[in-house]
Amino acid sequence: MRVRFAPSPTGYLHLGSARAALFNWLAARHMGGSFLLRIEDTDLDRSKPELIEVIYQGLTWLGLDWDEEPVLQSSRNAEHQIAVDALLESGAAYWSSPIAEGDRAQFANKAYDPADRDRQLGPGEGRAVRFRVPENGTTSWNDLIRGEISVEHANIEDFVIRRANGSPTFFLANASDDAFMGITHVIRGEDLINVTPKYLLLREAMQIPGALPQFAHMPLIVNEQRKKLSKRRDDVSLMDYKDRGFLPEAMVNYLSTLGWGPTDGQEVRLDPLSLTDGFPTMFDIAQVSSSPAFFDTKKLLFVNGEHLRALTLEEFADRSAPFIAAAPWFDRFESDPENAQRLLQILPEVQTRVETLSEVPGYVDFLFLDDPEIDEAAWNKAMGPDAAVWLSACIDGIAEWEWSSPQLHESFMALAEQMGANRRKFQAPVRVAITGRSVGPPLFESMQILGRVEVLRRLQATLDRVQLTA
RNA sequence: GCCCCCAUCGUCCAGCGGCCUAGGACGCCUGCCUUUCACGCAGGUAACACGGGUUCGAAUCCCGUUGGGGGUACCA
């Protein structure tokens, strides 16, 4: 088995493309075949290396390794021209003049004049080469995912294989390059179903020895409106998910379950080997679903959270590092060498609370800011009528208590009881005073890490403000 | 319009003629745990689009209807 992923360098790697790459990779690894890359850069006048690099980066991030040197479609231009000439020579293709948009009504709304087929035109201004689709008959194939698909030739227009500017079109380059690369299975999106008859017709006319590839058209990934993911409305760039704090293993894991399900029913795979070896072992392209799948960010979030929690503390810290480095308070964070240790202490508490790495800074910022950022809604809710009394009792206590989170916990609860306060309500003003928010990591661990002096300072500042506004 | 594809809980996947009073996961809801929020644990909610066949028997096969999607470029 030789499969290929054939993206065009557009500047970003589309989520749908990433999924296509993944399924090709899974199929190849399952069969012990080769997963190849071809960069379809024919349409771009200038080949930008950095745009191609983006594709490599995306695949590398996901851990999809490819075999053999990638083929640049632009490097095969000479072969494409030879193929076009041969088709012209054999009469399978012909030169054709364009029909202006306004005049198409006279030609059954076609962009070309079918009569050009017999005009024996040569090259000329604006003329393209079109493929002569047989008038009768049907082209069909047995799709690995969908079964028999057939299209009558009468429904296929004479498509362009060489543009007026001399460049080969997708149809020709795609068919020619697959033959050149020895591709045995074409696994691609459902949106390409209707070009398959053209591909087949072309391959037949080109008379390339060897078997035609088998086709498998995967279902599309759709948005909430059940439409193909679009650049305008949807988050389609794979690497944006990286920036938003998603783990590549979570992306691979989730994407694998869109249109396919592991045979043992276990969707979430936290063991890395289970993902890189287990999934390929179970994968079968023929088992892929034929109906579109909704890209459910909520489920992705869940899967990401699971993978995040499965990380060791060291790994979690490593993966969080870029997000910490991007925080506005990073300069301050770096200025105190002890902060790295403080971060490491709070991180285990953060790990069970976040679904993406980008949420990490928001959980720890209070440790590294001069003053916590106060959430006014949380403040208003927490600072009830008893807040001042409670805060001042806490200040008295905290000045004395043994400085360890279990001890703080115990002393704090004893104090709450002593004051006849509800435990939940009693901790609220203190939490807001220290972290600025009503939700966050456990209070006593946070206090312990922050230190007695700073905790007292924040409590006093809060008490002052409460009394001032009272 | 024409061509092609698709149709099981809100969502993803399982089901490949009897094991289906349809299973798992996400979501949502309830409870437990609990200093908040989470995590974890225990429950609950919810689907075979419709109509005809075929068959002793259909979510599973066939036909039609309806609905959705993709394509219809000298984009890929």
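What you are looking at is a predicted structure, and each value in this text was computed from that prediction instead of being measured. In what follows, chains are A, B, ... by sequence order, proteins preceding strands, each numbered from 1. Just the heavy atoms: all of them, side chains too, but no hydrogens, waters or symmetry mates, feed the values below.
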Near-ring test F295(A)/Y254(A), centroid separation under 6.0 angstrom: yes

Sub-6.0 Å ring centroid separation between Y94(A) and F131(A): no

Criterion side chain to side chain contact (heavy atoms under 4.5 Å, CB included) on L357(A) and L247(A), from CA distance to verdict: CA-CA 8 Å; L357(A) 292 169; L247(A) 262 20; 3.6 Å; yes

R19(A) to F23(A), cation-pi by 6.0 Å centre distance and 45° axis angle: yes

R423(A) NZ/CZ over F426(A) ring centroid, <6.0 Å and within 45° of normal: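 No, R423(A) and F426(A) do not form such a contact.
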
Whole-angstrom distance between rG69(B) and rC74(B), as gauged at atom C1':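 After rounding to an integer number of Å, I get 27 Å for this pair.
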
Atom P, compared across rU65(B) and rC2(B): separation rounded to whole Å: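 About 13 Å, rounded to a whole number of Å.
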
Check: T435(A) side chain, V432(A) main-chain N or O, donor-acceptor pair, under 3.5 Å: no

May I ask which nucleotide in the shown strands pairs with [N], Watson-Crick or G-U wobble, both distances under 3.5 Å?
| N | answer |
| --- | --- |
| rU35(B) | none |
| rG43(B) | rC29(B) |
| rU72(B) | rG1(B) |
| rU21(B) | none |
| rC9(B) | none |
| rC61(B) | rG53(B) |

Among [options], the nucleotide that comes nearest once only the side chain of [X] is considered:
| X | options | answer |
| --- | --- | --- |
| T352(A) | rA38(B), rA76(B), rC74(B) | rA38(B) |
| A128(A) | rC74(B), rU36(B), rG69(B) | rC74(B) |
| V160(A) | rU35(B), rC74(B), rA76(B) | rC74(B) |

For atom [atom1] of [X], is the number of surrounding heavy atoms from other residues, nucleotides or ligands below 6.0 Å larger than 12?
| X | atom1 | result |
| --- | --- | --- |
| E376(A) | CD | yes |
| E373(A) | CD | no |
| E135(A) | CD | no |
| Q266(A) | CD | yes |

Distance check needed: [N] [atom2] versus [X] [atom1], whole Å only.
| X | N | atom1 | atom2 | value |
| --- | --- | --- | --- | --- |
| Q448(A) | rU35(B) | CD | C1' | 15 Å |
| L172(A) | rA76(B) | CG | P | 11 Å |
| Q427(A) | rU35(B) | CD | C1' | 4 Å |
| F171(A) | rG71(B) | CZ | C1' | 10 Å |
| D264(A) | rC13(B) | CG | P | 16 Å |
| L229(A) | rG69(B) | CG | P | 14 Å |
| I346(A) | rC37(B) | CD1 | C1' | 13 Å |
| E157(A) | rA73(B) | CD | P | 7 Å |

Closest-nucleotide 5' rank along RNA chain B - winner of N109(A) and R353(A): R353(A)

With heavy atoms under 4.0 Å as the rule, sort [X] into base, sugar-phosphate or nothing.
| X | result |
| --- | --- |
| H409(A) | base |
| E410(A) | nothing |
| R431(A) | base |
| A293(A) | sugar-phosphate |
| F444(A) | base |

Pair D116(A) + R130(A): basic N to acidic O under 4.0 Å: no

Short N-O contact, K198(A) and E157(A), less than 4.0 angstrom: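 Yes, K198(A) and E157(A) are salt-bridged.
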
Check against side chain to side chain contact (heavy atoms under 4.5 Å, CB included), E249(A) and V303(A): CA-CA 9 Å; E249(A) 54 268 48; V303(A) 173; over 6 Å; no

Should [X] be listed as having a side-chain N or O under 4.0 Å from OP1 or OP2 of [N]?
| X | N | result |
| --- | --- | --- |
| R424(A) | rU36(B) | yes |
| K425(A) | rU35(B) | no |
| R309(A) | rA38(B) | no |

Shortest non-hydrogen contact from F279(A) toward E267(A):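 Shortest heavy-atom contact: CZ-O, 3.8 Å.
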
For nucleotides 4-8 of chain B, print each protein N/O atom paired with a nucleotide N/O atom at under 3.5 Å, atom names and distance only.
| residue | atom | partner | partner atom | Å |
| --- | --- | --- | --- | --- |
| rC5(B) | O2' | R146(A) | NH1 | 2.5 |
| rC5(B) | O2' | E190(A) | OE2 | 3.0 |

Polar atom pairs between nucleotides 24-29 of chain B and protein, under 3.5 Å, N or O only, would you list them?
| residue | atom | partner | partner atom | Å |
| --- | --- | --- | --- | --- |
| rG24(B) | N2 | E267(A) | OE2 | 3.1 |
| rA25(B) | O2' | E267(A) | OE1 | 3.2 |
| rA25(B) | N3 | K299(A) | NZ | 3.1 |

RNA chain B-proximal residues of residues 413-423 of chain A, any heavy atom under 4.0 Å: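 When residues 413-423 of chain A is checked for heavy atoms under 4.0 Å from RNA chain B, the hits, listed by number, are M413(A), R423(A).
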
